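To keep things clear, I will list the structure first and then write my remarks on it.
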There are 2 protein chains.
Amino acid sequence: MTKTKRVTSYDVAKIAGVSQSAVSRVFQKGRSVSKKTREKVLATANDLGYQPNAIARMLITKRSGMVAVILSSRVNLIYPEVLSLLNKRLSEKDERVLLFNLDDAAGLDDILEHIWTFQLDGVIAIAAHFDNESINKFKKHQIPVVLYNRRVAGHSASSVCCNHEQGIFELVDILDNFDHKNYLVISGPTESDVALERCELAIRALANKGYKNVPVQYGDFTYKSGRHAFSEYMASHPPPTAVICGNDTMAIGVIDEARKNFGLRVPEDLSVVGFDGVNAVFWHSYQLTTIKQPVEQMTKSAVDILLEQIASPENPPQLRVWSGALIEGNTVGPARNEK
Amino acid sequence: MTKTKRVTSYDVAKIAGVSQSAVSRVFQKGRSVSKKTREKVLATANDLGYQPNAIARMLITKRSGMVAVILSSRVNLIYPEVLSLLNKRLSEKDERVLLFNLDDAAGLDDILEHIWTFQLDGVIAIAAHFDNESINKFKKHQIPVVLYNRRVAGHSASSVCCNHEQGIFELVDILDNFDHKNYLVISGPTESDVALERCELAIRALANKGYKNVPVQYGDFTYKSGRHAFSEYMASHPPPTAVICGNDTMAIGVIDEARKNFGLRVPEDLSVVGFDGVNAVFWHSYQLTTIKQPVEQMTKSAVDILLEQIASPENPPQLRVWSGALIEGNTVGPARNEK
DNA sequence: GTATATTTTGCATTCGAAGTCATTATTAAG
DNA sequence: CTTAATAATGACTTCGAATGCAAAATATAC
């Protein structure tokens, strides 16, 4: 029942026989304090169990030491990995992660309200949909943003992206070299910018090879939706020989559906490629050929850029693009072109 | 270059022709303000784009509106789901999530330091290892904690757990009914409390059925480690007929290893069970028989308990245990008992 | 109409550390 | 040993909202 009051810098000051300013200075780096007082203060601080109150510090310094990470969660198996790495990198730079889930009932506006009031140092938005209007709000509130895998028109915000073009083109090249002619694209949901980008690139890459009007089915990045998209297509079309999927999870769904409900062998009868390089692509039952998103570099860049923008807000927005690496699995083979 | 100053309650007060207190009261619920002033204030606040500064509020109210979630990440596919649900539930109660990853170089102590200085409202620790010493620190700092899937000796902290005993016993019952006699347990890493608990329960459940000295291999909850543990065991023992795994991901690894490198069919030659109920257990290539952790209820309870503790810190710690649900897959069958 | 109860209001203070500035102690240079 | 330069220190103010309290305004009862 003892409502222990917090130990403040004043308490320490009094006991150590110095001023509050002195105590404060001891807990800041690069401030001149004599060795004698520093030791005195540190000793009594330790005795009393004193630690500077971060909230009070935030109020006066106007830096919260917190970065918001906005996540459109669940959608993709790779996000947990991204989040974990971002957290790690930010911690190293002494920034905490305040997490926001965008897919909850509460929309973006709701999240933004919170971001303003919390005086965050910056924001990293993972594949969330931001239009220029939102970006302008950040400008107005003078909070740096870095978009992850999302570019915004006119380069008005910094972003770190996977080079989807390079990745998709590489996959299409491989398929084309195997003489595939009957393609199916299974895209992620139209609300997702990443999904749209990958889908358009696939269509463009195929067009370059001379394949126009490639059919597209839409899923929502989940396993189930991959299966469903494939069976939907099969219900009214002759089987394709190659399927290009918007992400790995759907690709795995396609493989299972093809094998189970259509008796197709992968890769003998059907080639399948995905995107992302999640752990499951290495599982023996799938061994998916896909592109690994360079998560390490991307998260590092995102944090670097963000910190730069925090330090020098007047710097122009940056764009950094990283190429993914091909994972050569076992789901691509020569086309079975029947005639 | 215009360093726009933040709009404060004083600014609004001056323009609206009221006192700062009045402005403050408008933005708190359950405070008496006349309709007239409320409207005036709200109008000018809107004009100026004023929003209360959360940091200043935290300082005076001593509530940060933030809850720390400590995650031992990566280890388990189910954590992202847990995190996402916790975030959602906490947002509904107007608490933000400050995320900490325990497996980074920075250890628990480092995280705790931050927790004290941030004056957090509470902490939810997901399967992190907390000893009584750590719990006592929380008591000293008067910060409520809820442990997720982790009990601490002497009920000194609240926790929400999956009923691993019921789950494991149910799985063992099923295997026993299929007349299995040669078991192998593949446990998660010894640093993990959940892993240890599941492993011990499996051993106890088997002992109840008369099987003593059941062999145990250790993995680290990953797919690879599941495969490796199984092949290690097979290298020097006759094949078991049933494998009980510490989680789903390792179970999937075992299935792949058994099929690929030992030509065993699942479930005809080998029965495999897991634990957690991650999405991948439904994938057609596996269809794992497992126990689904009741994540919905567990996260709800965790948040409920935490908020109760925040509201009434003097209340005793609570323990809530939820039973998992059996997922009847296709990886368990009659034992192939050769003699 | 007055007297009493109730709601609104503003003043002044508080939360806890950090920054400004003038003053004092210490060191280096001559 | 004096003078100049530098380092260390404390008093006071600041950040921005919330709150206890007394005064003022409004509502209710008689």
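Here is how names work: the chains are called A, B, and so on, in the same order as the sequence lines, proteins then strands, and each is numbered from 1. What you see below is based on every heavy atom in this structure, not just the backbone, and it leaves out hydrogens, waters and symmetry mates. For clarity, every value in this text was computed on a predicted model and none was experimentally measured.
Summarising the geometry of A:Ala302 relative to A:Leu86, their closest heavy-atom pair is CB-CD2, 4.3 Å, with the distance given to 0.1 Å.
The base of C:dG19 lies outside donor-acceptor range of the side chain of A:Thr61, with no N or O pair under 3.5 Å. For D:dA18, the base has a donor-acceptor partner in the side chain of B:Gln20 [N/O atoms by modelled type, under 3.5 angstrom]. On a pure distance criterion of 3.5 Å, no polar donor-acceptor pair joins the side chain of A:Arg57 and the base of C:dG19.
Looking at A:Lys139 and A:Glu133, no side-chain N of the basic residue comes within less than 4.0 Å of a carboxylate O on the acidic one, giving no salt bridge.
The nucleotide whose nearest atom lies closest to any side-chain atom of B:Ser21 is, among D:dA17, C:dA17, C:dA12, C:dA12. Here the nucleotide nearest the side chain of B:Ala22, chosen from D:dA11, D:dT14, C:dG10, is C:dG10.
For the contact set between residues 26-48 of chain A and DNA chain D, defined by any heavy atom under 4.0 Å, the members are A:Ser32, A:Val33, A:Ser34, A:Thr37.
Per the geometry, CZ belonging to B:Arg63 stands 17 Å off C1' belonging to D:dT19, to the nearest Å. Here D:dA17 presents its P atom at 6 Å from CG of B:Asn53, a figure rounded to the nearest Å. Residue B:Ile60 contributes atom CD1, which lies 12 Å from atom C1' of C:dA12 at whole-angstrom precision. Between B:Leu59 atom CG and D:dT19 atom C1' there is a gap of 13 Å when expressed in whole angstrom units.
Both B:Tyr10 and B:Lys62 lie near DNA chain C, and the one whose nearest nucleotide falls closer to the 5' end is B:Tyr10. Along DNA chain C, the nucleotide nearest to B:Arg25 and the one nearest to A:Ala54 differ in position, and the one closer to the 5' end is contacted by B:Arg25.
Nucleic acid contact class of B:Gln51 (heavy atoms, under 4.0 Å, all strands): sugar-phosphate only. If you check every strand for non-hydrogen atoms under 4.0 Å, B:Val18 touches sugar and phosphate atoms only. Heavy atoms of A:Ser24 sit under 4.0 angstrom from at least one base atom.
Remark: B:Lys137 NZ is packed, more than 12 non-hydrogen atoms of other residues, nucleotides or ligands lying under 6.0 Å away. Atom NZ of B:Lys93 has 12 or fewer neighbouring heavy atoms from other residues, nucleotides or ligands inside a 6.0 Å radius.
For B:Asp11, there are no salt bridge (charged side-chain N to carboxylate O under 4.0 Å, His left out) partners at least two apart in sequence or on another chain.
If you look at A:Phe138 and A:Trp116, their ring centroids are closer than 6.0 Å.
B:Thr299 places a side-chain N or O within 3.5 Å of a backbone atom of B:Val295 that can act as its donor or acceptor partner.
One finds a side-chain N or O of A:Tyr50 lying less than 4.0 angstrom from the OP1 or OP2 phosphate oxygen of C:dA17.
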